[in-house]
Amino acid sequence: MPITIYNTLTRTKEPFEPLVAGKVGIYLCGPTVYKPSHIGHAVGPIIFDAVKRYLTFRGYQVTWVVNVTDVDDKLIDEARGQKTTIRELAARVEADYLDAMKKLHVDGIDVMPRASECMGDIIGVIRTLVDKGAAYVADGDVYFDVTSDPDYGKLSNRSIEDQAGQRALHGGQKRNPNDFALWKAAKPGEPEEVKFDSPWGKGRPGWHIECSAMSMKVFGPSLDIHGGGMDLIFPHHENEIAQSESANDAPFAKYWMHNGLTRFNTKKVSKSDTDPEAVRALKRMTLHNLLAEFSPELIRFFVLSTHYRRPIEFSDEELAGKKKGLDTFYRLFERVERITGQSAYAAADKAQLAKPSRDASEPSRDREGAGSGTRLDPVADFIRAMDDDFNTAAAIATLFDAASEVNATIEREKWEKAADDGAKAILLQMTGGVIRLARLLGLFLEPASAHSGGGDDMVDSVMRILIDLRAHCRKKKDFEAADLIRNRLTELGITLEDRADGTGWRKG
RNA sequence: GGCGGCGUACCCAAGUGGACCAAGGGGACGGAUUGCAAAUCCGUUAUUCGUCGGUUCGAAUCCGACCGCCGCCUCCA
């Protein structure tokens, strides 16, 4: 079984076959940098980062493009409101976005073009469209003529007739209400920095054209996968298709992948929401604030715990629940390190992940039940999950299964008390395998520090004293005093764990 | 009005015709372990998948109707 992808264009799951064998081009619509990015803006990058990691693992050479839209009406308004320049605003918001991407370990982006730096390419596409009669000029504006495109509406499944009369005509220059601006003539009073020269006079590009131009710049007329949020299907992606295919007379994107939107209190998280509660929620859900409050890995884990096409409901309760699940892995890694004296992460660097075999998509559970009942093959299960339209939720479930398997083995073999070199090797291999798989999702890339307290020498030392003191009390069977110490620490959010090899502690 | 999505246990969530008397996580409850806890392990927690019909040897999965929720059609990841 090959990898399958749900294609919005056909509304079916299709076998994945790249245009050029072994190579994959991906374009994801990135942010318009006028306001701080929120959690919703991280969903696409996190998913596609995992997609790229996985496709790379499956042997493809992937090129991933995410654009930055830094020329837009909203930037003009926002910059004016903040009494700053568009360039300064865009640079500031973009830096904030990139910082978040870095923290989230979205590090697979290969090219990040800015609209303002691709003006020549954009104008070139518009010129082609005008020359071909697919676009017309009106008072310095240029509009795409949707009637020139016979299959306009194929992505969103809308016909031009359905739309007629549904949308107010803007500016009165359009021949058809569905026509959209490729180029907007500069208006008096607009800042000079958004007035670009063009064959039609000074102005700036419309919203949709920059994605077509930037995609074409990197990939040429056609690319493999184009992604974005579901809210972009219409009009944005519909218009991208119209422009690109009219300009090139070639199919634009082979597969369209759309991720579900992030919700809060069942409502979509939207920049334009003016409801006071929504505004407050949105402010909290900026990536900047969220990453100050929660670990990037938790955010990533949270996002990938749901299949990408489904909406994600954001809430503190859910995040807290996911954190407990994530902690299971951290504890396992620490446990293995305690037993073996070696880092599980380091073991993962060395571990070999079995190459996916032809039968990788076969179920791993041995129904013959040869002796010991069910046997797990985490790698095959993981691959099967990911091959099925990048089902990260199912893939994560296989990680939990694999982690339980390791813990159960430790219990069964009593390795916590004594483990010889052979046991240690097995343990490191199993755990390393879990980490290797998780890394295909961008998880556990590096040792997560401070999961079990630590980091502060003074705190460590004081804790050592308290733990030694409590051990002393326990030895004398003075459990009242021992429990007092533990209870007081619990009140501070510190948990003690008495294990075979001594007492450990952690925050939370 | 047009287009699209969703409704699976207490919560989150995978599964979209036979491996399902339905993964995985959180929670809860038993047991092992522990001085007691914590952690971990073992087990229990949906004969049922919004409701009602239909197709089929067989449906959570397909079809129809209905109920509820959400998104797009103006800016949005």
Side-chain angles (χ1 to χ4, degrees), chain A residues 8 11 13 28-32 34-35 37-45 47-48 66 72-74 153 156-159 161-168 170 178 207 227-236 238 258-263 266-273 301-302 305-307 309-313 315 317-328 331-332 334-335 362-363 365 367 381 385 388 391-401 404 406-412 416 474 477-480 482-483 486-487 490 495-500 503-506:
Chain A
T8 308
R11 285 172 283 279
K13 246 185 236 178
L28 176 70
C29 286
T32 300
Y34 76 108
K35 269 187 180 176
S37 301
H38 56 70
I39 177 69
H41 293 101
V43 172
I47 290 158
F48 278 92
V66 178
D72 183 87
D73 291 8
K74 294 190 293 295
S156 57
N157 195 26
R158 289 154 212 254
S159 65
E161 298 79 64
D162 285 344
Q163 298 299 305
Q166 287 299 111
R167 179 157 46 165
H170 286 309
N178 285 286
W207 174 33
M230 287 202 179
D231 52 348
L232 295 184
I233 294 173
F234 190 90
H236 187 54
E238 193 69 73
H258 289 100
N259 61 271
L261 304 178
T262 308
R263 306 193 306 186
T266 76
K267 290 277 194 291
K268 172 189 168 189
V269 176
S270 167
K271 283 181 181 174
S272 53
D273 205 326
F301 184 75
F302 179 69
S305 291
T306 304
H307 181 79
R309 274 192 284 120
R310 305 241 321 188
I312 300 172
E313 180 75 22
S315 74
E317 295 72 36
E318 274 314 301
L319 223 35
K322 294 294 182 229
K323 183 178 185 305
K324 296 218 173 180
L326 191 56
D327 282 342
T328 301
R331 287 211 198 91
L332 172 65
E334 286 164 9
R335 190 181 195 190
E362 290 301 306
R365 282 176 172 77
R367 295 195 61 227
D381 284 344
D388 183 11
N391 192 337
T392 55
I396 285 175
T398 71
L399 298 180
F400 275 106
D401 285 338
S404 289
V406 180
N407 270 321
T409 304
I410 294 170
E411 294 288 315
R412 183 165 10 93
E416 191 95 61
R474 292 176 71 207
K477 304 279 186 204
D478 183 358
F479 296 121
E480 202 177 322
D483 290 350
R486 189 173 62 196
N487 291 339
T490 303
T495 308
L496 293 186
E497 294 183 9
D498 294 329
R499 298 180 290 248
T503 298
W505 66 280
R506 65 185 156 81

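In this text, all values refer to a predicted model and were calculated from it rather than measured experimentally. Chain letters run A, B, ... following the sequence lines, proteins first, then strands; residues in each count from 1.
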Any base atoms under 4.0 Å from A/His307, or only sugar-phosphate, or nothing? Heavy atoms, all strands. sugar-phosphate
Counter-base of B/A46, judged by Watson-Crick or G-U geometry with both distances under 3.5 Å: none
Name the nucleic acid region contacted by A/Gly504, choosing base, sugar-phosphate or nothing; use a 4.0 angstrom heavy-atom cut-off, strictly under. nothing
Atom CG of A/Leu319 and atom P of B/G25: how far apart are they, to the nearest Å? 18 Å
Determine the interatomic distance between C1' on B/A14 and the same-named atom on B/G24; round to the nearest Å. 7 Å
Considering only B/G25, B/C42, B/G35, which nucleotide approaches the side chain of A/Ala408 most closely? B/C42
Between B/G17 and B/C63, how far apart are the P atoms? Round to whole Å, please. 11 Å
Let me spell it out: for each of A/Gly227 and A/Ser156, pick the nucleotide of RNA chain B with the closest heavy atom. Which residue's pick is nearer the 5' end? A/Ser156
For a quick check of understanding: with a heavy-atom distance under 4.0 Å over all strands, which category does A/Thr495 fall into, base, sugar-phosphate or nothing? sugar-phosphate
State whether A/Arg310 places a side-chain N or O below 4.0 Å from either non-bridging phosphate oxygen (OP1 or OP2) of B/G7. yes
Residue-phosphate contact under 4.0 Å: A/Thr32 side-chain N/O, B/A77 OP1/OP2: yes
On a whole-Å scale, what distance lies between the P atoms belonging to B/C29 and B/A37? 13 Å
Answer yes or no: is there a side-chain heavy-atom contact under 4.5 Å between A/His38 and A/Thr262? no
State the NE2-CG distance between A/His307 and A/Asp388, to the nearest 0.5 angstrom. 7.5 Å
Below 4.0 angstrom from OP1 or OP2 of B/G15, is there any side-chain N or O of A/Asn391? yes
Identified pairing partner of B/A65, criterion: Watson-Crick or G-U wobble below 3.5 Å: B/U51
Measuring only the C1' atom in each nucleotide, how far is B/G68 from B/A77? A whole number of Å is fine. 27 Å
Could you work out which one of B/U40, B/C3, B/A13 sits closest to the side chain of A/Arg158? B/C3
Nearest to the A/Thr306 side chain among B/A14, B/A77, B/G4, which nucleotide is it? B/A14
What nucleotide, of B/A77, B/A23, B/C70, holds the atom closest to the side chain of A/Lys267? B/C70
Student check: side-chain heavy atoms of A/Asp381 and A/Asp401 closer than 4.5 Å: no
Side-chain-base donor-acceptor pair under 3.5 Å for A/Asn178 and B/C73: no
Give A/Glu497 one of three labels, base, sugar-phosphate or nothing, depending on what nucleic acid heavy atoms sit under 4.0 Å from its own. base
Proximal nucleotide (of B/A77, B/A37, B/C12) relative to the A/Lys322 side chain: B/C12
From the set B/G4, B/G35, B/C75, return the single nucleotide nearest to any side-chain atom of A/Arg474. B/G35
For B/U40, the Watson-Crick or wobble partner whose two distances fall under 3.5 Å: B/A32
P atom, B/G50 versus B/C11: distance in rounded Å? 14 Å
Are the side chains of A/Asp498 and A/Arg486 in touch, meaning some heavy atoms are under 4.5 Å apart? yes
Roughly how many Å apart are B/C73 and B/G64, using the P atom of each and rounding to a whole number? 27 Å
Check: A/Glu238 and A/Asn178 side chains under 4.5 Å, non-hydrogen atoms: no
Any side-chain N or O of A/Arg331 under 4.0 Å from OP1/OP2 of B/U40? yes
Is there side-chain contact between A/Arg506 and A/Glu334, with at least one heavy-atom pair below 4.5 Å? no
Checking contacts here: which listed nucleotide (B/G35, B/G24, B/A77) is nearest the side-chain heavy atoms of A/Asp401? B/G24
Has A/Lys268 got a side-chain N or O lying under 4.0 Å from the OP1 or OP2 atom of B/C72? yes
About how many Å separate CG of A/Leu261 and CD1 of A/Ile39, when rounded to the nearest 0.5 Å? 12.5 Å
Which nucleotide in the list B/U40, B/C72, B/G35 gets nearest to the side chain of A/Thr328? B/U40
Within the pair A/Asn259 and B/A77, is there a side-chain N or O less than 4.0 Å away from OP1 or OP2? no
Looking for any heavy atom pair under 4.0 Å, which part of the strands does A/Phe400 touch: base, sugar-phosphate only, or nothing? sugar-phosphate
Contact class for A/Gly40 vs. all strands (heavy atom < 4.0 Å): base, sugar-phosphate, or nothing? base
Any strand: nucleotide that pairs with B/C10 via Watson-Crick or wobble, under 3.5 Å: B/G26
For A/Arg412, which contact category applies under a 4.0 Å heavy-atom criterion: base, sugar-phosphate, or nothing? nothing
Quick check for you: among B/C41, B/A77, B/G35, whose closest atom lies nearest to any side-chain atom of A/Glu411? B/C41
Using atom P in both nucleotides, what's the gap between B/A19 and B/G30 to the nearest angstrom? 34 Å
Within the 4.0 Å heavy-atom criterion, would you say A/Ile233 contacts the bases, only the backbone, or no part of the nucleic acid? nothing
Would you say A/Ser404 reaches B/C41's phosphate, i.e. side-chain N/O to OP1/OP2 under 4.0 Å? yes
With both distances kept under 3.5 Å, what pairs with B/G4, Watson-Crick or G-U wobble? B/C70
Counting heavy atoms from C-beta on, name the nucleotide in B/C12, B/G27, B/C36 closest to the side chain of A/Arg486. B/C36
What's the gap between B/U8 and B/C52 when it is taken at their P atoms, as a whole Å value? 16 Å
Assess the side chains of A/Asn407 and A/Arg335: does a donor N or O sit below 3.5 Å from an acceptor N or O? yes
When the nearest nucleotide of RNA chain B is assigned to A/Leu326 and to A/Val43 on a heavy-atom basis, which residue is associated with the more 5' position? A/Leu326
Any sub-3.5 Å donor-acceptor pair from A/Asn391's side-chain atoms to A/Ala394's backbone N or O? yes
Looking across every strand, which nucleic acid part, if any, lies under 4.0 Å from A/Asn407 by heavy atom: base, sugar-phosphate, or nothing? sugar-phosphate
Would you mind pulling out the nucleotide paired to B/U16, Watson-Crick or G-U wobble, both distances under 3.5 Å? none
